[in-house]
Amino acid sequence: MAEKNIAYLPTLTAEEAYSEYFHGYKPGHTPPTDDMQRALNAFKIALKNNVIIGSGSDVGVFTHGTNYRELEWLVRGGMTPAQALMAATVVNAKILRMENQLGRIKAGLLADLIAVPGDPTSNVEAVRDVRFVMKDGVVYIRPE
């Protein structure tokens, strides 16, 4: 994959959700299932071998609005929080061949932004608490 610039979107949260539904996995209470461990190991191999890694999630297999969990899995697997955030933004934009339209904060690009308390580049769990959303230049404030 690295040699051919083929991107990998591991969707680790989808495997976690599948394990919850069908194998009795309980986050924080039971160890990861064999399937979850295999998915995480595949991710670690890709990371070690410099494969382009984006952030997918297959959201819908689990509750919408909790797709931050994928970033947390990427960090558990060995990415830094900054790398996980880049996987979800600039890397995904490049994978989609839309890097001149989105994925970065730059004049002329689409302006979909969020703000969270804390520094998600040091603690990716900060993205669990979105306090501000700008979509298409319109500001939304998350209701308390």
Show the nearest heavy-atom pair for residues [X] and [Y], with the distance to one decimal.
| X | Y | answer |
| --- | --- | --- |
| Ala14 | Phe62 | N-CE2, 4.2 Å |
| Pro117 | Ala126 | O-CB, 3.4 Å |
| Gly77 | Lys44 | O-CG, 3.3 Å |
| Ser122 | Pro81 | O-CG, 3.7 Å |
| Gly78 | Gln83 | O-OE1, 4.2 Å |
| Glu70 | Ser55 | CG-OG, 3.7 Å |

For the [atom1] atom of [X] and the [atom2] atom of [Y], what is their distance to the nearest 0.5 Å?
| X | Y | atom1 | atom2 | value |
| --- | --- | --- | --- | --- |
| Glu72 | Glu16 | CD | CD | 9.0 Å |
| Asn67 | Arg69 | CG | CZ | 9.5 Å |
| Arg131 | Ile114 | CZ | CD1 | 12.0 Å |
| Asn41 | Ile45 | CG | CD1 | 6.5 Å |

Quick one: hydrophobic cluster around Val90, which other residues, with the 4.5 Å side-chain cut-off, linked directly or via members?
Leu9, Ile52, Met86, Val91, Ile95
Could you work out the complete set of other residues in the hydrophobic cluster of Met79, with links drawn between I, L, V, M, F, W and Y side chains under 4.5 Å apart?
Met1, Ile6, Tyr8, Leu12, Tyr25, Met36, Leu40, Phe43, Leu47, Val51, Ile53, Tyr68, Leu71, Trp73, Leu74, Val75, Leu85, Val124, Val127
Can you list everything that forms a side-chain contact (heavy atoms from CB on, under 4.5 Å) with [X]? Sequence neighbours excluded, please.
| X | value |
| --- | --- |
| Pro31 | none |
| Lys48 | none |
| Asp35 | Glu15, His23, Thr33, Arg38 |

Under the 3.5 angstrom rule, does the side chain of Asp136 hit a backbone N or O of Asp112 as a donor-acceptor pair?
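Here the side-chain-to-backbone pair does not exist.
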Please output the side-chain donor-acceptor pairs of residues 103-111 that fall under 3.5 Å, not counting sequence neighbours, one pair per line with the distance.
{"from": "Arg104", "atom 1": "NH2", "to": "Glu99", "atom 2": "O", "distance (Å)": "2.7"}

